[in-house]
Amino acid sequence: YLTAALPHIGAWTQYFRSADIPVLAATAQALEELRAIEDDVDANMLTAVIQSDPLMTLKLLAHVATLRRPGAMTETESVTTSLVLMGISPFFRRFGPQATVEDWLADQPDALCGVRRLLNRAERAGQFALGFAVHRGDTDATIIHQAAFLHNFAEILVWLHAPTLALQIHQAQEADSTLRTSTIQKAVLSIDLADLQLSLMKLWHLPELLVSISDQR
């Protein structure tokens with residue numbers, strides 16, 4: 001775990017360039033069950049597992065971005081279309097048995113609670129966003145759902161890789177509800193997590209529409 005803040009946004013971005021990202025234990029188990037029947041698995045079956053986990057969704061989108069030709073339009077925006085582009089067998093070859101959040105934070109129960117809070121929030125946010133988008137007849141409903149679902153992924157990554165720092169932020173906010181989130185993040189981490197999230201999305205070449213509607217500016 002990181003126990004001290006990195007000095008600037010570039011250092012944080014570089015750190016997460018190669019950092020391991022675990023997934024939920026339920027996701028890891030479901031993927032292994034599908035791996036055992038790989039010949040019978042289709043993109044929709046995998047989608048049902050992956051898109052219930054923002055961490056696995058993030059890993060898939062980041063990997064599929066590397067398969068596009070340089071300069072190609074970032075058209076692959078959903079989990080399903082990403083899997084169709086990649087192929088089922090290549091997916092299983094690329095993503096072997098996954099490390100799990102629960103094992104990763106086994107010695108950090110407070111951090112595990114923090115991650116679970118954010119994952120629950122992500123699930124609710126995604127469902128609300130999808131509901132509003134469908135009600136409005138929005139043609140970008142899938143990407144809107146995805147943007148809401150992934151909205152806090154940088155904060156989740158910090159809980160995973162710097163749990164003591166994430167806990168400091170949480171405790172400061174609990175002690176003083178008037179504290180601006182960005183202010184305490186900068187005090188503890190030297191960065192605003194919204195900036196880190198946008199930097200990582202660009203680093204991983206996530207779909208352009210996803211990046212643009214996730215930009216708080």
Side-chain angles (χ1 to χ4, degrees), residues 16-35 41-68 74-88 90-102 104 115-131 133-134 140-161 193-194 196-215:
F16 282 115
R17 174 191 288 271
S18 56
D20 290 333
I21 301 177
V23 304
L24 293 172
T27 305
Q29 180 180 341
L31 289 177
E32 292 313 298
E33 290 172 355
L34 291 178
R35 191 190 308 277
V41 174
D42 60 25
N44 289 326
M45 294 168 68
L46 272 175
T47 294
V49 173
I50 295 169
Q51 70 178 9
S52 66
D53 184 337
L55 295 167
M56 192 65 223
T57 298
L58 185 66
K59 293 174 77 166
L60 174 65
L61 294 178
H63 175 68
V64 169
T66 68
L67 304 180
R68 289 191 293 266
T74 54
E75 296 175 349
T76 305
E77 295 172 343
S78 74
V79 170
T80 303
T81 54
S82 295
L83 289 167
V84 170
L85 174 67
M86 186 177 184
I88 302 302
F91 169 85
F92 283 118
R93 287 198 299 270
R94 173 62 181 80
F95 295 103
Q98 298 291 299
T100 70
V101 168
E102 290 81 354
W104 189 278
V115 170
R116 284 175 171 158
R117 275 196 304 272
L118 289 176
L119 291 172
N120 287 336
R121 184 191 301 173
E123 175 65 23
R124 289 197 303 272
Q127 291 302 323
F128 275 121
L130 182 61
V134 170
D140 292 318
T142 297
I143 199 73
I144 289 170
H145 168 263
Q146 205 167 84
F149 192 52
L150 297 177
H151 179 67
N152 291 312
F153 82 74
E155 188 175 355
I156 295 173
L157 292 180
V158 171
W159 274 107
L160 289 168
H161 285 271
L193 285 177
L196 175 60
Q197 178 137 325
L198 196 61
S199 179
L200 289 173
M201 294 177 88
K202 292 177 179 178
L203 171 70
W204 291 327
H205 302 290
L206 297 192
E208 293 171 7
L209 179 57
L210 178 61
V211 175
S212 66
I213 66 176
S214 299
D215 186 348

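Nothing fancy with the numbering, it's 1 onward along the sequence. Just so it is clear, the structure is predicted and the values come from calculations on it, not from any experiment.
Legend: salt bridge (Lys or Arg N to Asp or Glu O under 4.0 Å) pairs involving residues 22-32, not counting sequence neighbours, sorted by first then second residue: Glu32-Arg35. Sorted by first and then second residue, the side chain to side chain donor-acceptor pair (under 3.5 Å) pairs involving residues 141-150 (not counting sequence neighbours) form an empty list.
Contact detail for Ala148 and Ala129: the closest heavy-atom pair is CB-CB, 3.6 Å. Of all non-hydrogen atoms in Phe95 and Lys59, the two that sit nearest each other are CZ-O, 3.8 Å. Across all their heavy atoms, Ala154 and Gln197 have their closest contact at N-OE1, 2.9 Å. Taking every heavy atom of both residues into account, Ala43 and Ile88 meet most closely at N-CD1, 3.7 Å.
Looking only at side-chain heavy atoms (C-beta outward), Leu200 and Phe153 come within less than 4.5 Å of each other. Within the 4.5 Å cutoff, side-chain heavy atoms of Val101 are placed close to those of Pro22. The closest side-chain heavy-atom distance from Phe92 to Leu46 is below 4.5 Å. Residues Phe16 and Leu196 form a side-chain contact, since some pair of their non-hydrogen atoms from C-beta on lies under 4.5 Å apart. Looking at heavy atoms from C-beta onward, Val49 lies out of side-chain contact with Glu33 at the 4.5 angstrom threshold.
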What donor-acceptor contacts under 3.5 angstrom involve side-chain atoms of residues 117-124, with partners at least two apart or in another chain?
| unit_1 | atom_1 | unit_2 | atom_2 | d |
| --- | --- | --- | --- | --- |
| Arg117 | NH2 | His170 | NE2 | 3.4 |
| Asn120 | ND2 | Arg116 | O | 3.3 |
| Glu123 | OE2 | Gln127 | NE2 | 3.4 |

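To the nearest 0.5 Å, atoms CD (Glu208) and CD1 (Ile143) are separated by 11.0 Å. Distance check, rounded to the nearest 0.5 Å: CG of Leu150 to CG of Leu55 gives 9.0 Å. Separating the CG atom in Leu157 from the CG atom in Leu58 is a distance of 6.5 Å, to the nearest 0.5 Å. Put simply, NZ on Lys202 and OG on Ser214 are 11.0 Å apart, with the number rounded to the nearest 0.5 Å. From Met45, atom CE reaches atom OG1 of Thr80 across 13.0 Å, with rounding to the nearest 0.5 Å. Interatomic distance, Phe149 CZ to Leu130 CG, rounded to the nearest 0.5 Å: 11.5 Å.
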Let's go through Leu31 and Met56 carefully: what are the C-alpha distance in whole Å and the side-chain angles of both, what is the deciding distance for side-chain contact (heavy atoms from CB on, under 4.5 Å) to 0.1 Å, and is it a yes or a no? CA-CA 10 Å; Leu31 289 177; Met56 192 65 223; 4.0 Å; yes
Between Leu83 and Phe91, does a side-chain contact (heavy atoms from CB on, under 4.5 Å) hold up when you go through it step by step? CA-CA 7 Å; Leu83 289 167; Phe91 169 85; 3.8 Å; yes
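Partners of Trp104 according to the ring-ring contact (aromatic ring centres under 6.0 Å, His included) rule, which considers only residues two or more places apart in sequence or in another chain, are His161. By the side-chain contact (heavy atoms from CB on, under 4.5 Å) test, Ala48 is found to be paired with no residue, residues two or more places apart in sequence or in another chain being considered. With sequence neighbours excluded, no residue satisfies side-chain hydrogen bond (donor to acceptor under 3.5 Å, both in side chains) with His151.
Between the side chain of Gln98 and the main chain of Gly96, a donor-acceptor pair closer than 3.5 Å is present. Put simply, the side chain of Asp53 never gets that close to the backbone of Thr27: no donor and acceptor are under 3.5 Å apart. Side-chain atoms of Glu102 come within 3.5 Å of backbone atoms of Ala25 as a donor-acceptor pair (strictly under, hydrogens ignored).
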